[in-house]
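Read the structure below first, then the notes.
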Amino acid sequence: MKFVKRKKLVRKSNKLINAKENTPLTALERKLMLYSVSEVNDEGKVNFRIQDLYGTSKLNTSHYRNVRKAVENLLNVKVVVEEGDVSDEDWRIKGMNVFDVIEASRKGGSISARFTQSMIPHITNLKRNYTTYLYEAVSPFRSDFSIRIYELLVQGVDHYSKREFELEELKSKIGISQIKTYTNFNQIRTKVLDKACHEITEKSDIDVTWDISGKKGRRVSHITFFMQRKTASVERSTSDSTKVEVKVDKQLEQQMNTMKGLGLSEDQIRLVLQMKQSEEKLKDVEPEVVESTTLFNEQEGEPFKLEQTSIHLDIVVEERKSRLRERLIGYKVAPELVEKVVEHTQASKESGIWKHVTYLQKNPNAVDNPAGYLTSIFRNNYGL
DNA sequence: CTTGCCCGTCTACTTTATCC
DNA sequence: GGATAAAGTAGACGGGCAAG
């Protein structure tokens with residue numbers, strides 16, 4: 001059987017993304033944590049190879065030494081999430097440990113871990129108010145702050161063009177509120193903000209800058225990040241593209257003809273035009289609420305968001321595949337067969353697979369044995 | 001005068017590249 | 001594959017300076 005390397009998707013609840021952390025993490029520690037999130041099963045357990053974490057098979061003693069240290073430190077990581085509305089009068093917070101157990105073995109070359117019960121709802125079976133990104137998007141980052149800030153900004157990047165933080169709040173989110181060095185704003189400027197913005201812009205799919213946006217006396221009280229996708233995104237208002245209306249004026253008509261000349265399909269042209277519209281909307285939007293970042297339509301297999309950057313196409317495809325996997329396993333289709341179907345169809349709408357899955361969902365009593373029904377479809381339609 | 005930003009320097013640690 | 005050098009990063013500290 002052909003081995004297909006899957007992209008790692010990190011999916012976390014928005015509450016967890018916005019959580020406060022008790023300690024700064026090194027880049028390796030955070031990568032270990034995020035890699036675990038991308039691989040976690042429904043019971044909160046995870047098992048992977050150390051070489052996959054590093055993305056290389058060439059590991060030497062310092063790699064193992066660092067993993068050992070990271071494992072020890074990660075057991076001390078605690079996060080605090082806001083549970084209710086955030087106000088002075090009525091608030092609810094929940095503090096929790098991240099990991100129950102982490103085991104690493106040099107000889108076995110593997111790490112296995114179990115997240116705490118409290119963490120599980122924030123990293124598995126998320127249906128809404130979550131944020132997804134590729135582990136591969138953050139793995140090139142060398143600075144821990146880059147990873148954490150990327151996470152905070154990618155959460156809102158398709159909805160807002162900027163996000164403001166109260167400085168102390170930002171410090172607590174990235175786990176540096178207790179560190180002496182960062183009572184000095186200039187250290188925050190050079191070691192945290194400049195470094196992270198530079199690295200994120202250089203190595204990821206979003207451009208980020210920042211500026212001081214509030215002062216109390218001479219003290220910096222607020223800072224604002226300005227972010228946008230390197231290639232702007234577009235949303236379909238529904239999964240049925242024929243319902244999308246785009247105003248066409250003379251100038252647009254001309255642009256459409258140019259695009260036709262470039263060989264774009266009508267559907268693609270419509271998306272590009274929408275992209276331009278949503279770019280207009282993005283300008284100067286107040287970033288007060290960045291709570292719901294449900295990136296994908298739950299009903300249909302079709303993502304309603306298309307990205308031109310390869311990284312986001314990857315996210316769309318991987319997200320679609322992973323949703324198909326979950327559905328098929330839910331119908332008790334054998335895991336090996338699930339994997340064959342996912343790879344064969346790429347979980348695309350064109351393959352026709354979603355028609356059958358949606359049929360089962362909408363007519364739960366129509367078929368006695370969904371697994372059998374699906375298996376015969378896989379055999380007849382795809383020869384599997 | 002006090003406070004907080006700015007700048008430079010130093011040390012310890014992590015990651016990557018290179019050599020054996 | 002392992003050791004080590006080189007490059008990059010985190011964090012601490014102290015002095016200068018000017019806004020409040």
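As the structure is a prediction and not an experimental result, all values here were calculated from the model. Note on naming: letters A, B, ... go to the chains in the order of the sequence lines (proteins, then strands), and numbering restarts at 1 for each one.
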In whole angstroms, how far is the [atom2] atom of [N] from the [atom1] atom of [X]?
{"X": "A:Y182", "N": "C:dT9", "atom1": "OH", "atom2": "C1'", "value": "9 Å"}
{"X": "A:E168", "N": "B:dG4", "atom1": "CD", "atom2": "P", "value": "11 Å"}
{"X": "A:H198", "N": "C:dT9", "atom1": "NE2", "atom2": "P", "value": "10 Å"}
{"X": "A:R65", "N": "B:dT14", "atom1": "CZ", "atom2": "P", "value": "8 Å"}
{"X": "A:K203", "N": "B:dT15", "atom1": "NZ", "atom2": "C1'", "value": "11 Å"}
{"X": "A:I147", "N": "C:dT9", "atom1": "CD1", "atom2": "P", "value": "12 Å"}
{"X": "A:L167", "N": "B:dG4", "atom1": "CG", "atom2": "C1'", "value": "13 Å"}
{"X": "A:H63", "N": "C:dG1", "atom1": "NE2", "atom2": "C1'", "value": "13 Å"}

OP1 or OP2 of [N] versus the side-chain N and O atoms of [X]: is any pair under 4.0 Å?
{"X": "A:S143", "N": "C:dA10", "value": "yes"}
{"X": "A:K191", "N": "C:dT9", "value": "no"}
{"X": "A:N186", "N": "B:dC5", "value": "no"}

Six-ring centre of A:Y130, A:R11 cation under 6.0 angstrom, axis tolerance 45°
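Flagged: A:R11 positioned over aromatic ring of A:Y130.
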Any salt bridge between A:E43 and A:R114, counting N to O under 4.0 Å?
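The answer is no: the pair does not qualify as a salt bridge.
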A:T116 (side chain) donor-acceptor with A:N97 (main chain) under 3.5 angstrom
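Judged by distance alone, yes, a pair lies under 3.5 Å.
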[X], nearest nucleotide to its side chain (from [options]):
{"X": "A:R142", "options": "B:dT16, C:dA10, B:dC6", "value": "B:dT16"}
{"X": "A:E199", "options": "C:dT9, B:dG8, B:dT16", "value": "C:dT9"}
{"X": "A:N66", "options": "C:dC13, B:dT14, B:dC5", "value": "B:dT14"}
{"X": "A:K195", "options": "B:dC6, C:dT9, B:dT15", "value": "C:dT9"}
{"X": "A:R219", "options": "B:dT16, B:dC6, B:dG4", "value": "B:dG4"}

Specify the residue among A:D144 and A:Q187 whose closest nucleotide of DNA chain C lies further upstream toward the 5′ end.
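So the residue in question is A:D144.
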Considering every strand and a 4.0 Å limit on heavy-atom distances, what is the contact class for A:K69: base, sugar-phosphate, or nothing?
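Result for A:K69 = sugar-phosphate.
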Under 4.0 Å between any heavy atoms, over every strand shown, what does A:N184 touch: base, sugar-phosphate, or nothing? Just pick one.
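Touches a base.
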Is it true that A:H222 and A:F165 have ring centroids separated by less than 6.0 Å?
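Ring centroids of A:H222 and A:F165 are no less than 6.0 Å from each other.
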Describe, in one word, how the ring planes of A:F141 and A:Y150 are oriented to each other, choosing from parallel (under 30°), tilted (30 to 60°) and perpendicular (over 60°).
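Rings of A:F141 and A:Y150: perpendicular, over 60°.
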